[in-house]
Amino acid sequence: MTAEVENEGKGLGFGCEGSIAGVLAAGNAKYAAGEYQAALRQYEEAVALLKDGDPGLARLYNNMAAAYLKLRQAKPCEEYSRKALSADPQNAKARSRLAHAIAASGRIRQALEVLSLHPSKSRGLDDLKLELETAEAMLVQGNTALEAGNFSDAVKILGKLEGGLI
């Protein structure tokens, strides 16, 4: 799983192009350096400079979701992915991040439903769907082993899932 941010600062529809582009570039630099909290501060600053309905908000929300995904914080990742999708329902990266966040919260079936709502074909989303279906099957196997009293098998199966969804 990779989380890439939207890198372009120009032509986003930002109302105050120069200052937003600078803040976005600073946030992206922090993100690239692995400084996700600092990147979030930059993205939040950029969001504060925009008006509701500005098309640049979708990109910023998506970048914020990416940073939260890297920080393994499912709830805010889900929140900002939803905001990005609200502004741009065709955004496959935002939909992928939303599915990751939902799955990490233990709601694999709901994550699969989110992926099925994407309006067009996307190889990345198809790959994630397969990964989630595999995880769901492993959960069933692990729970079955647990219920049968096969604790060592359950630990082996469920242990493979740890850290893999977000």
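Model, not experiment: these values are computed from the prediction.
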**Study point:** Asn150 side chain to Asp153 backbone, donor-acceptor under 3.5 Å
**Key:** no
Check your understanding: Does the side chain of Ile20 come within less than 4.5 Å of Asp54's, by heavy atoms?
Key -> no
Exercise for review: Check the angle between the aromatic planes of Tyr36 and Tyr31 and answer parallel, tilted or perpendicular using the 30° and 60° thresholds.
Suggested key: perpendicular
Practice item. Without swapping roles, check the side chain of Asn62 against the backbone of Ala58 for a donor-acceptor pair under 3.5 Å. Key: no
**Study point:** Pairwise side-chain contact, Gln90 with Ser120, heavy-atom cut-off 4.5 Å (strictly under)
**Key:** yes
Point to revise | Check: Asn28 and Tyr43 side chains under 4.5 Å, non-hydrogen atoms | key: yes
Exercise for review: Determine, for Lys75 against Glu79, whether the closest basic-nitrogen to carboxylate-oxygen distance falls under 4.0 angstrom.
Suggested key: no
Practice item. Could you tell me whether the side chain of Arg95 and the main chain of Pro89 form a donor-acceptor pair under 3.5 Å? Key: yes
Practice item. Output yes when Arg109 and Glu113 qualify as a salt bridge under the 4.0 Å nitrogen-oxygen rule, no when they do not. Key: no
Exercise for review: Find out whether Leu146 and Phe151 are in side-chain contact, i.e. whether some heavy atom of one side chain is under 4.5 Å from a heavy atom of the other.
Suggested key: yes
Practice item. Report yes if some heavy atom in the side chain of Leu158 is under 4.5 Å from a heavy atom in the side chain of Met138; otherwise report no. Key: no
Check your understanding: Does a salt bridge link Glu35 with Arg41, judged by any charged N lying under 4.0 Å from a carboxylate O?
Key -> no
Practice item. Answer yes or no: is there a side-chain heavy-atom contact under 4.5 Å between Ile108 and Glu133? Key: no
Point to revise | Heavy-atom side-chain proximity of Glu131 to Glu136 below 4.5 angstrom | key: no
